[in-house]
Colleague: 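Got a structure for you, questions after.
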Amino acid sequence: MKANKQKMKRRSKRHRRKGAVTVEFALIAPIFFTLIFGSVEFARVHMIQTAVENACFEAARRGTVPGADESHCLTRANELMDVIGVQGNVTVEPSTINAATPQVTVTIQVPLTAENGFGFTSLFSTQAMTKSVTLSID
């Protein structure tokens, strides 16, 4: 009889604890998932920043090669941005590259939109990420 009472007490404690676990999960889950998804989003933004910087550098480097022109720079930048699925506006200065050109500047502007993989577009819908690289031609 005594053993039965102890089993009943254990069961009732377990049932009461199940409700506590549900409440604790309901309180912690939104914070936990916000941290997880926020971390993923910031990692994606950092990856895009790094890739756009690399695309600027590689495009400017392509422009410093003898015989290169603006189209070579644009093609290289767009190739590298296509790899990560980002669309942006690429500008090359000067537009005419020749032996007398002292330096080449490539600027890439990527709008913060859903098409470019930014999940927080409602916060920054009018802004853009801009990267620029200038290389001297020696």
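These numbers come from the heavy atoms of this one structure, side chains and all, not from hydrogens, waters or symmetry mates.
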Colleague: Shared ILVMFWY cluster between Met129 and Ile84, side chains joined below 4.5 angstrom?
Modeller: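 Both belong to a single hydrophobic cluster.
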Colleague: Can you give me every donor-acceptor pair (side chain of residues 100-111, partner residue at least two apart or in another chain, under 3.5 Å) with its distance?
Modeller:
from	atom 1	to	atom 2	distance (Å)
Thr101	OG1	Asn98	N	2.9
Thr101	OG1	Asn98	O	3.2
Thr101	OG1	Asn98	OD1	3.1
Thr105	OG1	Thr134	OG1	2.9
Thr107	OG1	Ser132	OG	3.1

Colleague: What's the separation between atom CZ in Phe37 and atom CZ in Phe42, rounded to the nearest 0.5 Å?
Modeller: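 Those atoms lie 14.5 Å apart.
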Colleague: Kindly state each residue pair satisfying salt bridge (charged side-chain N to carboxylate O under 4.0 Å, His left out) with at least one member in residues 78-92, sequence neighbours excluded.
Modeller: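 Qualifying pairs, neighbours excluded: Arg76-Glu79.
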Colleague: Can you name the residues that form a side chain to side chain contact (heavy atoms under 4.5 Å, CB included) with Asp69, not counting sequence neighbours?
Modeller: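 For Asp69 the side chain to side chain contact (heavy atoms under 4.5 Å, CB included) partners, ignoring immediate neighbours, are Ser71, His72.
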Colleague: If two hydrophobic side chains count as joined below 4.5 Å and joins carry through other members, does Leu135 share a cluster with Val90?
Modeller: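 No.
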Colleague: Report whether Leu80 and Val92 are members of the same hydrophobic cluster (ILVMFWY, side-chain heavy atoms less than 4.5 Å apart, transitive linking).
Modeller: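 In one cluster with Leu80: Val92, no.
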Colleague: Under the rule for side chain to side chain contact (heavy atoms under 4.5 Å, CB included), what residues qualify as partners of Ala29, not counting sequence neighbours?
Modeller: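 Scan of Ala29 (side chain to side chain contact (heavy atoms under 4.5 Å, CB included), adjacent residues dropped) gives Phe25, Phe33.
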Colleague: Should side-chain heavy atoms under 4.5 Å link Ile, Leu, Val, Met, Phe, Trp and Tyr, which residues sit in the same cluster as Ile31?
Modeller: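 Via sub-4.5 Å side-chain contacts, Ile31 links to Leu35.
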Colleague: Show every donor-acceptor pair shorter than 3.5 Å between a side-chain atom in residues 49-62 and any protein atom, with sequence neighbours excluded, or say none if there are none.
Modeller:
from	atom 1	to	atom 2	distance (Å)
Thr50	OG1	His46	O	2.9
Glu58	OE1	Arg61	NH1	3.3

Colleague: Are Met47 and Val86 co-members of a hydrophobic cluster defined by side-chain heavy atoms under 4.5 Å apart?
Modeller: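 Yes, Val86 connects to Met47 through the hydrophobic network.
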